[in-house]
Amino acid sequence: MSNGYCLGIESTADDFGVGIVSFKGEILTNINNSYIPEKGGIHPREAARHHADVAGKVITEALKRSKIEPKDLTLIAFSQGPGLGPCLRTGATAARSLALYLNLPLVGVNHCVAHIEIGKLTTGATDPLTLYVSGGNTIVSAYELGKYRIFGETLDIAVGNCLDVFVRELGIKFEGGKAPGRIVEELAAKGKKYIPLPYTVKGMDLSFSGLLTAAVSLLKEKKCNIEDVCFSFQETAFSMLTEVTERALAHTEKKEVLLTGGVAANSRLQAMLKIVCEEHNARFFVVPKEYSADNGVMIAWTGILSYLHGITVPVEKSFVRTKWRLDEVEVPWVEKRSLN
Ligand code: AMP
Ligand code: MG
């Protein structure tokens, strides 16, 4: 079936997003409403309250902007995990209500798979080695025998979370909704001196907590300027990511590399990976900025891919899965696409 539309709901963490996508892969609308904590990190129950408050408004606005009627929808998809329990449950409740009210099938989407699939849809990559870097995840993966296999991942915090906590510790206010990682990127561009920081790669896995602690203490001791610390922070964290990606690329011999997730917006990380791709004769793809951070479009598109392969979930079994790993998910649609 090539006609139809899916409405996708994303709510794994701070973002409540709704996207509407056609079965042909045309993106009709992408609306996001983010929870911004007054201080500190994401409080799961407060974020969930935010999502419940804005859900109706965001869904209505998404339908209005897409210029389709609810009756034109074929399918409802929601991010089923991994993520923060209260946030996931709020999105799932909205998705279940819509599916029941409109009498439509429901698909539970794995959030990590969705970040990969939106990268492939928007860049044209078909069978990439993927570096997925965001506020909640840091994963190097590639498709092999029915699943996206994990070649390397963080052992503690995600690289995006590392950047976010670092910026909070600096006491910088997030002006105009600017992403913390973007603030570090701007300051790093003015840095000149590299200060050695903990570089932790264990086998194919990574650890960022030592780097975070060391960078924060450097600043608190006021021995170095902030631009140099941001520069050194980025050089260290992104070199670690690039090293693991390069080794996975050499092992898998994939011909494409895809950078996806919120941190993909960083131009320094992009530049490092581009060099690796040139050295290994691989094509380099970066997800467009509007789809790099969490969004409902990626959920809608992955919902369509799943549905077209017979994957749906009855409402009574649509429990959220807070720890649902990328490599547990069957992705039957990939084989055909990666072999063409
Ligand atoms: P996500 O979890 O996919 O919604 O992405 C959000 C993460 O992306 C946060 O940790 C942000 O700090 C990070 N981020 C956004 N823009 C940039 C950037 N230019 N450089 C580094 N990190 C970024
Ligand atoms: Mg987010």
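Indexing begins at 1, ligand by ligand and atom by atom, following the structure's order.
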**Protein N, O or S atoms lying under 2.8 Å from the Mg ion (ligand 2), listed by chain and number** =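 Near the Mg ion (ligand 2), below 2.8 Å, one finds D14 OD1, D15 OD2.
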
When you check the gap from the basic side-chain N to the acidic O, do [X] and [Y] get nearer than 4.0 Å?
X: D127; Y: K254; answer: yes
X: E235; Y: R268; answer: yes
X: E185; Y: R182; answer: yes
X: R65; Y: E61; answer: yes

**Message:** Pair Y5, D72 - check side chain to side chain donor-acceptor pair (under 3.5 Å), show working.
**Reply:** CA-CA 7 Å; Y5 299 98; D72 300 325; over 6 Å; no

**Asked** Is there side-chain contact between T302 and W333, with heavy atoms separated by less than 4.5 Å?
**Response**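 T302 vs W333: side chains touch.
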
**Message:** For F231 and Y194, take the angle between the two ring planes, folded into 0 to 90°, and tell me which bin it lands in: parallel under 30, tilted 30 to 60, perpendicular over 60.
**Reply:**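 Because their plane-to-plane angle is over 60°, the rings of F231 and Y194 count as perpendicular.
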
**Request:** For residues F23 and L75, report the shortest heavy-atom separation together with the two atoms involved.
**Result:**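 Looking at all heavy atoms of both residues, the shortest contact is CZ-CD2, 4.2 Å.
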
**Proximal protein residues to ligand 1, non-hydrogen atoms under 4.0 angstrom** =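 Within the 4.0 Å shell of ligand 1, which is judged on heavy atoms, sit D15, H115, S134, G135, G160, L163, D164, A179, P180, G181, R182, E185, G262, V263, A265, N266, S292, A293, D294.
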
**Prompt:** Does a donor on one side chain sit under 3.5 Å from an acceptor on the other, for H115 and D294?
**Reply:**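 Result is yes, a qualifying pair exists.
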
